[in-house]
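This report refers to the structure that appears directly beneath it.
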Amino acid sequence: MSLIRPTASSSTFRALGLGLGGRGLHTSRALAIRASSPRRDATVAADETGGFKYIPGGPILKGTVNDATPQIEASRSHGSYHWAFERVLSAALVPVTVGAAVSTGSAYPILDGILAVSLIVHSHIGFDSCRVDYLHPRKFPVIGPIVSWVLKIATGLSVWGVYEFNTNDVGE
């Protein structure tokens, strides 16, 4: 048995998807150039695209390349509103954090509550963005919705914990 060359036939390796497949390994320059030359049966005529006939003004492309893209009506669930809210919330966290650090907690419980809730909302938006980017329900039909609900439940429990902390523990 050779360690360099397998003992099974090359057709067995091609059937299993192993080895070099349909391309051969050429050691001479002349054979390599001939193997990489374009095939005549792979050319496409000027009036065809991949076997499909080109129909001018056909059903696929409407208008010209110079036509404007249709403007989508903005709604409250559209991404630009979410993006603006995230940026305003992130910018507002800086003065709220400084204000809460400078003041005492018992003197300004409203400021502590605002800081806690805004941090929770900011964290929820960040984790939700990660979930949308990396665990899309179309690609992960089981774990995607589970992570979505776990995030919603964790956010709700965090808001409830902050409320309990501010009203019963330090805020009393």
Side-chain angles (χ1 to χ4, degrees), residues 13-23 25 36 42 44 48-172:
F13 282 96
R14 284 188 194 137
L16 295 174
L18 303 172
L20 296 173
R23 295 183 58 202
L25 180 63
S36 63
V44 178
E48 293 183 3
T49 54
F52 297 102
K53 294 284 185 186
Y54 173 70
I55 303 168
I60 297 174
L61 300 174
K62 302 220 185 279
T64 65
V65 294
N66 295 325
D67 290 346
T69 304
Q71 185 68 29
I72 300 172
E73 284 296 322
S75 66
R76 297 241 182 248
S77 63
H78 195 261
S80 64
Y81 289 109
H82 293 283
W83 186 86
F85 176 72
E86 290 171 15
R87 296 306 166 257
V88 167
L89 180 64
S90 298
L93 277 173
V94 174
V96 171
T97 305
V98 170
V102 170
S103 67
T104 59
S106 60
Y108 301 100
I110 300 295
L111 184 62
D112 287 342
I114 290 172
L115 175 65
V117 170
S118 60
L119 280 172
I120 291 171
V121 170
H122 179 73
S123 299
H124 175 82
I125 290 172
F127 284 123
D128 191 49
S129 296
C130 292
R131 179 198 60 84
V132 166
D133 289 343
Y134 299 111
L135 294 173
H136 197 273
R138 183 179 61 213
K139 189 171 182 182
F140 299 98
V142 175
I143 194 75
I146 291 173
V147 170
S148 175
W149 280 105
V150 166
L151 178 62
K152 291 173 187 174
I153 291 169
T155 302
L157 288 174
S158 299
V159 170
W160 177 61
V162 164
Y163 171 76
E164 287 292 324
F165 184 76
N166 280 339
T167 56
N168 296 329
D169 190 28
V170 176
E172 248 186 313

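Everything numeric here is computed off the predicted structure, so don't read it as measured data.
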Open item on the list: Are more than 12 heavy atoms, taken from residues, nucleotides or ligands other than I110, located less than 6.0 Å from that residue's CD1 atom?
Closed with: no
TODO: For residues L93 and S118, determine if any side-chain heavy atom of one lies less than 4.5 Å from a side-chain heavy atom of the other.
DONE: yes
Task: Full working for side-chain contact (heavy atoms from CB on, under 4.5 Å) between R131 and D128 - done: CA-CA 5 Å; R131 179 198 60 84; D128 191 49; 2.9 Å; yes
Task: Point-to-point distance, once rounded to the nearest 0.5 Å, from CG of L111 to OG1 of T97 - done: 9.0 Å
Task: Residues I125, F85; criterion side-chain contact (heavy atoms from CB on, under 4.5 Å); working and verdict - done: CA-CA 10 Å; I125 290 172; F85 176 72; 3.7 Å; yes
TODO: State, to 0.1 Å, how close F140 and L135 come at their nearest heavy-atom pair, and which atoms those are.
DONE: CD1-CA, 3.7 Å
- [ ] Taking atom NE2 of H122 as the centre, report whether more than 12 heavy atoms of other residues, nucleotides or ligands fall under 6.0 Å from it.
- [x] no
Open item on the list: Nearest 0.5 Å, please: how far is OG in S129 from CD in E86?
Closed with: 5.0 Å
- [ ] Look up atom CG in L119 and atom CD1 in I114, then write down how far apart they are to the nearest 0.5 Å.
- [x] 12.0 Å
Task: Atom of P141, atom of P145 and distance for their closest heavy-atom approach - done: O-CD, 3.4 Å
- [ ] Using a 4.5 Å cut-off on heavy atoms from C-beta on, say whether the side chain of Y134 contacts that of V147.
- [x] no
- [ ] Looking only at non-hydrogen atoms, find the nearest pair between N166 and G113 and report the distance.
- [x] ND2-CA, 3.5 Å
